[in-house]
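One structure below.
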Amino acid sequence: MRTSGVLPDAFTCSFLLKACVSLLDIANGKILHGVVEKLGFGSNLFLQNMILNLYGLCGEMADAMLLFDKMPQRDVVTWNTVITQMLKRGDIEGASRLFSRLEEESGLRPNQVTVVSVLAACADLCALDLGKRVHEYSNRSGFKNNVLVCNTLIDMYAKCGSLEEASRVFDEMEGKRTVFSWSAMIVGLAAHGRAQEALSLFSSMLQDGTEPNGVTFVGLLHACAHMGLVDEGRAFFTSMTRDYGITPGIEHYGCMVDLLSRAGLVKEAYEFIMEMPIKPNGIIWGALLGGCRLHKDIKLAEQAIQHLSVLDPLNDGYYIVLSNIYAEAGRWEDVTRVRKLMKARGVKKTSGWSKITLDDGIVHEFVAGDESHPQAEGIFRKWDELVVEMMLRGYVANTSLVLLDIEEEQKVKFIYRHSEKLAVSFGLLNTPAGTTIRIIKNLRVCEDCHSALKLIAAISGREIVVRDRNRFHCFKDGCCSCGDYW
Ligand SMILES: *[C@@H]1O[C@H](CO)[C@@H](O)[C@H](O)[C@H]1NC(C)=O
Ligand SMILES: *[C@@H]1O[C@H](CO)[C@@H](O)[C@H](O)[C@H]1NC(C)=O
């Protein structure tokens, strides 16, 4: 086209940019950006937004910001693009700053897409403070009664560990609730271990005349799994197909396997897997393996790991569970064998991390054993103080969970440096007395951290909310919302 002397117009550029977006081709995207400027389309908002989106999608945030700052006009799409891309990259601080600028200087009214996509990103990141600000903003902008916004708010608050706020939004929606509102609330209650409330909300939903969908049943089955309600869970699983014509998906089967294996019915869970009409995935076998650990069934654990080593060969979590099972049974030569196997297969150990976000939006991340934080000294001192008080209340470090062949004293030090312990000590030092501490953890919380956090909540008079890989734990007054069943 160019060699035959035909000048591309704005449409040509938009088609090419679209192609770059679908290929994530940043190199050609940059060339096109140059072409767009040269052809004088520098003030074409549509094209500028496309380039901005391309930079964001390809992770070129510096270029995206450069372009953003230079743009002669910006619309809602522009702000939306940059804020969501920042959030997707975990930059809560940058996104909050930009959000303030949007509120203060632009005079723009956000649209539903801005609010919903920013809230969804907040939910993924547990960015509660930004989520609250978006909520206020959406109130002011006339979205108070927007059903989609309200549903997203419920989900955001529930995923950020603030069930009270989620129910407030839900309660105020009276008359406008859809199946998504009910399901978001049921799933939220289930993740927090509040099974009875989840089940009674389901009854209200039916009374209200709302037909459940597949997500509703995921919530219900989760609720049953978290509280060991085996018969109720079985009844829901049957009812979803019989009464509502919903074909169970892999996630429903996953919940059932989880429910049965946690409750100690590992053999039944195994048979259930063998009879599934769809091919079981790693999550399903992983749920069985978790149950085998709780109920010390080595034979079935070995079966599960055989499937897992094919389905999800590089996931270290499963091998670690297996070596835990061997260790608890005192079978040290098998522990060594699993370790060697991991090495031979190139499985790398995922280190545990915990994140905590302070009021200024800055995220602090701790990895196990971390001594690099600028406040490290203060954090360790705080931890040492806590240990003294915890011991007065009967705490003993549970080193049976440390699978290293090291001295007992080393084991204690090891377990004292778990990332959630560092994060909570840091949180106590850096947040006002009485406020809730919120932590996200990438792995399952270990037994020792779980007992420690219960005591720390009591000692400090704080509520501590931990979102781990599977669920929420709300520690308060020496207890956890999971009722120690997790
Ligand atoms: C939004 O408006 C609702 C209904 O008036 C109110 O209850 C809620 O507190 C407001 N939320 C925020 C964060 O402003
Ligand atoms: C330590 O944890 C293991 C594994 O969960 C558990 O079986 C054991 O009872 C715990 N020991 C103490 C002293 O709490």
Side-chain angles (χ1 to χ4, degrees), residues 76 79-80 83-84 86-87 91-189 191-192 194 197 201 204-205 208 210 356-363 427 431-432 434-440 462-463 465 467 472 474 476:
V76 170
W79 290 92
N80 191 12
I83 295 175
T84 30
M86 279 183 158
L87 284 171
D91 184 3
I92 301 180
E93 193 195 351
S96 304
R97 236 185 293 120
L98 213 58
F99 191 75
S100 308
R101 271 176 69 184
L102 170 62
E103 285 179 293
E104 286 157 16
E105 70 177 53
S106 71
L108 277 176
R109 287 169 60 80
N111 59 11
Q112 177 180 302
V113 180
T114 324
V115 171
V116 167
S117 58
V118 174
L119 286 175
C122 290
D124 284 342
L125 281 167
C126 242
L128 181 61
D129 291 311
L130 181 57
K132 270 192 191 146
R133 282 175 48 201
V134 177
H135 186 184
E136 282 165 21
Y137 186 53
S138 85
N139 265 0
R140 274 188 270 127
S141 311
F143 290 118
K144 219 174 269 181
N145 294 317
N146 181 305
V147 174
L148 184 60
V149 170
C150 290
N151 289 347
T152 317
L153 278 169
I154 296 174
D155 188 55
M156 184 277 292
Y157 279 126
K159 288 204 176 119
C160 291
S162 184
L163 263 188
E164 290 67 33
E165 296 291 332
S167 357
R168 193 169 313 153
V169 177
F170 180 80
D171 290 343
E172 284 174 5
M173 274 182 89
E174 204 179 342
K176 291 186 296 290
R177 294 174 193 141
T178 65
V179 60
F180 297 99
S181 335
W182 291 96
S183 302
M185 204 59 222
I186 291 173
V187 169
L189 286 165
H192 285 79
R194 287 160 63 168
E197 286 161 81
L201 197 65
S204 314
M205 171 179 175
D208 186 67
T210 309
I356 175 167
T357 309
L358 297 185
D359 276 349
D360 54 11
I362 299 183
V363 183
T431 54
T435 55
T436 302
I437 294 179
R438 293 171 202 281
I439 294 171
I440 321 182
R462 301 280 199 115
E463 198 171 334
V465 180
R467 181 170 93 179
F472 280 94
C474 303
K476 196 180 172 185

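When a ligand or atom number is given, it counts from 1 through the structure's own listing order.
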**Item:** Aromatic ring pairing Phe99/Tyr137, orientation class (parallel under 30°, perpendicular over 60°, tilted between)
**Value:** perpendicular
**Prompt:** Taking only residues two or more places apart in sequence or in another chain, which ones pass salt bridge (charged side-chain N to carboxylate O under 4.0 Å, His left out) with Glu197?
**Reply:**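 Here the qualifying residues are Arg194.
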**Message:** Could you tell me if the side chain of Arg133 sits less than 4.5 Å from the side chain of Ser100, heavy atoms only?
**Reply:**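 Yes; the side chains approach each other to less than 4.5 Å.
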**Prompt:** Of Asp91, Leu130, Leu87, which is the lone residue that meets side-chain contact (heavy atoms from CB on, under 4.5 Å) with Ser96?
**Reply:**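 Among Asp91, Leu130, Leu87, the one meeting side-chain contact (heavy atoms from CB on, under 4.5 Å) with Ser96 is Leu130.
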**Prompt:** Could you walk me through whether Cys160 and Lys132 pass the side chain to side chain contact (heavy atoms under 4.5 Å, CB included) check?
**Reply:** CA-CA 10 Å; Cys160 291; Lys132 270 192 191 146; over 6 Å; no
**Complete:** For ligand 1, protein residues within the heavy-atom limit of under 4.0 Å are His135, Glu136, Asn139, Lys144, Glu172
**Asked** Can you tell me how far the OG1 atom of Thr152 sits from the NZ atom of Lys159, to the nearest 0.5 Å?
**Response**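 If I round to the nearest 0.5 Å, the distance is 10.0 Å.
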